[in-house]
Amino acid sequence: MSDFLILGGGMAGASAGFFLADRGSVTLLEKEDALGYHSTGRSAALFTENYGSPPIRALSVGTRPFLEAPLPGFADHKLLGPRGVLMLALPGAGAVFAAVLAEGRKTAPELREIGMAEATALCRSCVQAASPGR
Ligand SMILES: Cc1cc2nc3c(=O)[nH]c(=O)nc-3n(C[C@H](O)[C@H](O)[C@H](O)COP(=O)(O)OP(=O)(O)OC[C@H]3O[C@@H](n4cnc5c(N)ncnc54)[C@H](O)[C@@H]3O)c2cc1C
């Protein structure tokens with residue numbers, strides 16, 4: 001018998017379990033063989049403060065301090081590390097791009113516009129890092 005029963009061991013269920021454990025006993029049931037088997041294990045790869053609707057962005061911004069310095073026992077490795085994201089705008093979409101950039105900067109001030117030369121150099125360095133010698 002537990003105080004809390006959580007169905008699903010993705011990042012939502014596992015995080016809820018971690019925080020509820022201060023308040024009582026927790027049982028977390030996962031139907032697969034491993035935790036994080038579905039969306040969490042396959043998709044959750046980026047922490048982007050300029051992604052999603054305003055409430056999602058606010059939650060992301062508010063989460064950063066915890067992700068940078070999680071409570072002891074939450075994870076045995078670093079949760080965040082630098083990972084570049086390149087967003088492309090098609091020719092003629094300059095106004096939309098500028099609006100998206102301005103909106104994104106409200107929650108991620110480090111966002112910046114780059115040109116073709118820098119984008120090409122970034123892609124080359126990624127390919128070289130992934131396949132040394134190419
Ligand atoms: C293509 C894609 C890319 C994404 N990229 C990112 C990203 O870059 N960054 C980011 O932060 N987020 C990203 N997301 C979103 C993120 O992956 C999800 O929001 C998050 O993983 C959801 O976590 P969850 O715990 O709610 O669900 P899940 O990880 O799906 O966990 C739910 C768990 O519940 C279990 N379950 C279901 N029913 C039962 C049951 N009856 N009994 C027991 N267990 C059950 C499932 O087996 C599963 O393990 C992406 C999502 C997608 C689809």
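Indexing begins at 1, ligand by ligand and atom by atom, following the structure's order. This structure is a prediction, so every number in the text was calculated from the model and none was measured.
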**Message:** Can you report which non-hydrogen protein atom sits closest to atom 31 (O) of ligand 1, along with the distance?
**Reply:** Gly10 CA, 3.3 Å
**Asked** Based purely on interatomic distance, does Ala45 place a nitrogen or oxygen under 3.5 Å from a nitrogen or oxygen of ligand 1?
**Response** yes
**Asked** Is the backbone N or O of Leu5 less than 3.5 Å from a side-chain atom of Thr27, with the two atoms forming a donor-acceptor pair by type?
**Response** no
**Item:** Taking atom 8 (O) of ligand 1 as the reference point, the nearest protein heavy atom with its distance
**Value:** Leu46 N, 2.9 Å
**Prompt:** Nearest to atom 48 (C) of ligand 1, what protein heavy atom do you find, and at what distance?
**Reply:** Glu30 OE1, 3.5 Å
**Request:** Using atom types as modelled and distance alone, determine if a side-chain donor or acceptor of Asp3 lies under 3.5 Å from a backbone N or O of Ser25.
**Result:** yes
**Proximal ligand 1 atoms for Glu32, defined as those under 4.0 Å from one of its heavy atoms** = 47 (O)
**Message:** With side-chain contact (heavy atoms from CB on, under 4.5 Å) as the criterion, how do Leu90 and Phe97 come out once you've worked through the C-alpha distance, each side chain's angles and the decisive distance to 0.1 Å?
**Reply:** CA-CA 9 Å; Leu90 294 172; Phe97 180 79; over 6 Å; no
**Of the listed options Gly41, Gly52, Ser43, closest to atom 53 (C) of ligand 1 (non-hydrogen atoms)** = Ser43
**Complete:** When distances are taken from atom 39 (C) of ligand 1, the protein heavy atom at minimum range is Lys31 CD, 3.9 Å
**Prompt:** Where is the nearest protein heavy atom to atom 34 (O) of ligand 1: which residue, which atom, and how far?
**Reply:** Gly8 CA, 3.1 Å
**Prompt:** What do you reckon, does Leu7 have a nitrogen or oxygen under 3.5 Å from a nitrogen or oxygen of ligand 1?
**Reply:** no
**Message:** Around atom CZ of Arg124, are there more than 12 heavy atoms from other residues, nucleotides or ligands closer than 6.0 Å?
**Reply:** no
**Prompt:** Which of the atoms in ligand 1, numbered in the order shown and given with their element, are less than 4.0 Å from a heavy-atom of Thr40?
**Reply:** 21 (O), 23 (O), 25 (O), 28 (P), 29 (O)
**atom 20 (C) of ligand 1: nearest protein contact (heavy atom, Å)** = Met11 CE, 3.4 Å
**Asked** If we only count heavy atoms from C-beta on, is the Pro70 to Leu79 side-chain gap below 4.5 Å?
**Response** yes
**Asked** Which of parallel (below 30°), tilted (30 to 60°) and perpendicular (above 60°) describes Phe66 and Phe74?
**Response** perpendicular
**Message:** So Leu71 and Phe18, do their side chains get closer than 4.5 Å, heavy atoms only?
**Reply:** yes
**Prompt:** What about Ile114 and Leu88, same hydrophobic cluster or not, with Ile/Leu/Val/Met/Phe/Trp/Tyr joined at side-chain heavy-atom distances under 4.5 Å?
**Reply:** yes
**Linked, directly or transitively: Leu111 and Val100 (ILVMFWY side chains, under 4.5 Å)** = no
**Asked** Step by step, would you call Arg64 with Phe47 a side-chain contact (heavy atoms from CB on, under 4.5 Å)?
**Response** CA-CA 9 Å; Arg64 179 186 275 278; Phe47 171 72; 3.8 Å; yes
**Message:** Considering non-hydrogen atoms of the protein only, which is the closest contact for atom 12 (N) of ligand 1, and what is the distance?
**Reply:** Ala44 CA, 4.0 Å
**Request:** State whether the shortest distance between N or O atoms of Gly36 and N or O atoms of ligand 1 falls below 3.5 angstrom.
**Result:** no
**atom 15 (C) of ligand 1 touched by protein heavy atom at under 4.0 Å** = no
**Request:** For atom 26 (O) of ligand 1, state whether the nearest protein heavy atom is under 4.0 Å away.
**Result:** yes
